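Model, not experiment: these values are computed from the prediction. We use all heavy atoms of the structure for the numbers below, so side chains are in, but hydrogens, waters and symmetry mates are not.
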Amino acid sequence: MLILLAFIIVFHITSAALLFISTIDNAWWVGDNFSTDVWRTCVTNTSTCTAITDQFNDYQSIQAVQAAMILSTIFCCVAFLVFILQLFRLKQGERFVLTSIIQLLSCLCVMIAASIYTDRHEELHKSNEYNVEVSQGQYGYSFILAWIAFAFTLISGVMYLVLRKRK
């Protein structure tokens, strides 16, 4: 049982780390001489970064992605704290339903953020406010980590739903 508990805790911390990295790091859309995320665009040749503001096309979509990723990260951290509390408060045989619900909300938020970015990426990168031509890029590792975090939070949420407290 102790090994299972350690696996669940490591799995949850890994999910949170993936969410933090994909939310913070600047690699949702990359090209030969630039990288961009939901916060800023950086030109790698000159090491200059420009914040994405409301002057950009489809700024509302970027804000939706930002909000959903932040919410997802918060929900994942709260779910971990609730899990730790439930370890001490639940009676033997009860399920970790509250932890599961919060983790599945995290899963839903990261899915919404990645889906919006997937759907709107062409319009997002056509703005004239960029310092460099960003429409000829490709998805970066932060975007891929967001989808991996979706899978991890989904598996984790289902795992908490099935899991019962034992001695």
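Across all non-hydrogen atoms, the minimal contact from C107 to L154 is SG-CB, 3.5 Å. When all heavy atoms of A149 and V110 are compared, the pair lying nearest together is C-CG1, 4.4 Å. Closest of all the heavy-atom pairs between Q103 and A79 is OE1-CB, 3.4 Å. Here the closest non-hydrogen pair linking G137 and F34 is CA-CZ, 3.9 Å. Nearest heavy atoms, L104 versus V158: CD2-N, 4.3 Å.
For F7, the ring pair (Phe, Tyr, Trp, His ring centres under 6.0 Å) test picks out F11, with sequence neighbours left out. With sequence neighbours left out, the side-chain hydrogen bond (donor to acceptor under 3.5 Å, both in side chains) criterion links S61 to no other residue. Residues passing the side chain to side chain contact (heavy atoms under 4.5 Å, CB included) test with D119: none are found, sequence neighbours excluded.
With contacts defined as side-chain heavy-atom distances shorter than 4.5 Å, the pair C77/F20 qualifies. Taking 4.5 Å as the limit, some side-chain heavy atom of I9 sits within range of a side-chain heavy atom of F83. Using a 4.5 Å cut-off on side-chain heavy atoms (C-beta onward), T153 and L19 make contact. Here the side chains of V82 and F96 are not in contact, with every heavy-atom distance at 4.5 Å or above. Residues Q86 and L98 meet the side-chain proximity criterion, which asks for heavy atoms closer than 4.5 Å. A 4.5 Å side-chain heavy-atom check between I70 and I74 finds at least one atom pair inside the cut-off. Between T99 and L163, every side-chain heavy-atom pair lies at or beyond the 4.5 Å cut-off. Counting only heavy atoms from C-beta outward, the side chains of M69 and Y117 never approach each other to under 4.5 Å.
Distance CE/M111 to CH2/W147: 7.0 Å, rounded to 0.5 Å. For the atom pair D25 CG and Y141 OH, the distance stands at 3.0 Å (nearest 0.5 Å). The OG1 atom of T53 lies 10.0 Å from the CD atom of Q63; values are rounded to the nearest 0.5 Å. Taking CG of L90 as the reference point, atom CG of L85 lies at 10.0 Å (rounded to 0.5 Å). To the nearest 0.5 angstrom, L161 atom CG is 11.5 Å from M159 atom CE. Atom SG of residue C76 and atom CG of residue L105 lie 11.5 Å apart, to the nearest 0.5 angstrom.
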> Should L71 and I112 be marked as a side chain to side chain contact (heavy atoms under 4.5 Å, CB included) after you check the CA-CA gap, both sets of side-chain angles, and the distance that decides it?
Replying inline: CA-CA 11 Å; L71 276 175; I112 288 170; over 6 Å; no

> How far apart are the C-alpha atoms of I52 and V38, what are their side-chain angles, what is the distance that settles it, and do they pass the side chain to side chain contact (heavy atoms under 4.5 Å, CB included) test?
Replying inline: CA-CA 7 Å; I52 296 176; V38 295; over 6 Å; no

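R95 places a side-chain N or O within donor-acceptor distance of the main-chain N or O of V162, the cut-off being under 3.5 Å. Although no hydrogens or angles enter the test, the distance criterion places no donor-acceptor pair under 3.5 Å between the side chain of S35 and the main chain of V30. Using modelled atom types, no side-chain atom of N33 and backbone atom of T44 make a donor-acceptor pair closer than 3.5 Å. Side chain of S72 to backbone of A68: no donor-acceptor contact under 3.5 angstrom is found. Looking at S100, its side chain does come within 3.5 Å of a backbone N or O of G157 through a donor-acceptor pair.
Residue I24 is not grouped with residue I62 when hydrophobic side chains (ILVMFWY) are merged at heavy-atom distances under 4.5 angstrom, including chains of intermediate members. Under the 4.5 Å side-chain contact rule for hydrophobic residues, V10 and I21 do not share a cluster. Linking ILVMFWY side-chain heavy atoms closer than 4.5 Å, directly or via other members, places L81 and I13 in two distinct hydrophobic clusters.
Between Y139 and W29, the distance from one ring center to the other falls under 6.0 angstrom. For F143 and H121, the distance between ring centers is not under 6.0 angstrom.
Residue-environment remark: CG (D32) stays at or below the threshold of 12 foreign heavy atoms within 6.0 Å.
S22 and S142 are not linked by any side-chain donor-acceptor pair at a separation below 3.5 angstrom, with hydrogens and angles left out of the test.
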